[in-house]
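Structure first, then comments.
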Amino acid sequence: MALISTSEKRIYLSPPHMSGHEQQYLNEAFETNWIAPLGPNVDEFERRMSAYAGTKGSVAVNSGTAAIHLALILLNVSKGDVVFCSTLTFVASANPIVYAGAEPVFIDSDADSWNMSPQALERALYEAKKKNKLPKAVIIVHLYGQSAKMHELVSICRHYGVPIIEDAAESLGSEYMGQKSGSMGEFGVYSFNGNKIITTSGGGMLVSNDTDRLEQARNLAAQAREPVPHYQHQKTGYNYRMSNLLAGIGIAQLGVLDDRVAAKRALFVRYKESLRSIEGVQFADEISGSRSNRWLTTLIMDETVTGMSVSGLIVALEKENIEARHIWKPLHTQPLFKGCEYFSHREEESVSDQLFATGICLPSGTNMSEAEQDRVIEVIQTQYKLRFNK
Ligand SMILES: *Cc1c(COP(=O)(O)O)cnc(C)c1O
């Protein structure tokens, strides 16, 4: 970017952070010639992932998006069906609904969790039932590591008999009431994209306690071959399996996940302590009973009090070669989903729109040094002082 005026090293939002053990798994795969979309690393990664999540099984795939797509297929979502989805999320949460030929209906956030509002969900399900058009699934996202209010959301979904897919792409390592994020719905989805808390460069995992459906997922992800000696096909399959090389990276990364969670949480605390004196800045607090992986430190700023706008601050950080971002733009406001139904938190109050207007994600790389974090903090403090001439 032309704006950059500093020679300082770039600080990224959430860059990959290798443990040092990844190479060993890659070497082993080379030595044994397991250069394939299956193999011992894939099996081992799946085994360790289920053990970590506390689910009966898991299927390693080549993206989190693919895992969501498979979950929808296994819940029999097809053309003409409706699927509910959190509105405040990355587009990948909802794209698979479209792949399946179904129609997304977006559900607002509530102000304390930033995630799916139980009130909005309740209203949406009530209306859907009246029209005899209940969704085939509800995709609940745990944004930036913060847990959604699963206790309420699960009980509402149970009441209406609608299965849950947890999009835990950003919340691997987070907990809610002692359970791992991603293990509380019919299916859970993790992502190992390059920016996530642990990464395989690209990849995903589908977890569940429904081992029969996971077997189907494994088959669908490998072109849906029938179990006969020749190539026989009855269903449309996909080429979604994870490579044995990347699964090796995943095994090593999973080994340091808890360290990464601790490091991200420490970054959050340090930001909060350094910036809490700025009036009008509010950090996203954990909802009761939850423990966030703090994938990204996020906060909202009241511009009328802080004197800085989110976009102004992002530009100021960029000038110092620091990457910060707006929080996700709600999907109900995306041109792609124009015309889709949306249920706001209250009839007159759309929480996600307010969060988008006032929210910012700060650099949260676990390999960021304290001195680098201080650079970020300093820019924010300077911007604040400039506005008020303090
Ligand atoms: C990253 C992400 C995904 C998609 O994961 P990929 O592995 O990139 O396909 C889905 N949902 C959310 C909320 C994400 O942040």
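Everything quoted here is computed from the prediction, not taken from an experiment. Whatever order the structure lists ligands and atoms in, that order sets their numbers, starting from 1. Scope of the values below: all heavy atoms of this structure, side chains included, with no hydrogens, waters or symmetry mates.
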Note, E46 side chain near M205 side chain (heavy atom, < 4.5 Å): yes
Ring pair (Phe, Tyr, Trp, His ring centres under 6.0 Å) partners for F268, two or more places apart: F283
Any donor-acceptor N or O pair under 3.5 Å, side chains Y99, T65: no
Between H332 and D108, a side-chain donor and acceptor under 3.5 Å: no
Set of salt bridge (charged side-chain N to carboxylate O under 4.0 Å, His left out) partners for E44, sequence neighbours left out: R47, R48
Test salt bridge (charged side-chain N to carboxylate O under 4.0 Å, His left out) applied to K272 - qualifying residues, sequence neighbours left out: D285
Those protein residues which place at least one heavy atom below 4.0 Å from ligand 1: S63, G64, T65, T89, F90, A92, S93, V141, D167, A169, E170, S191, N193, K196, G203
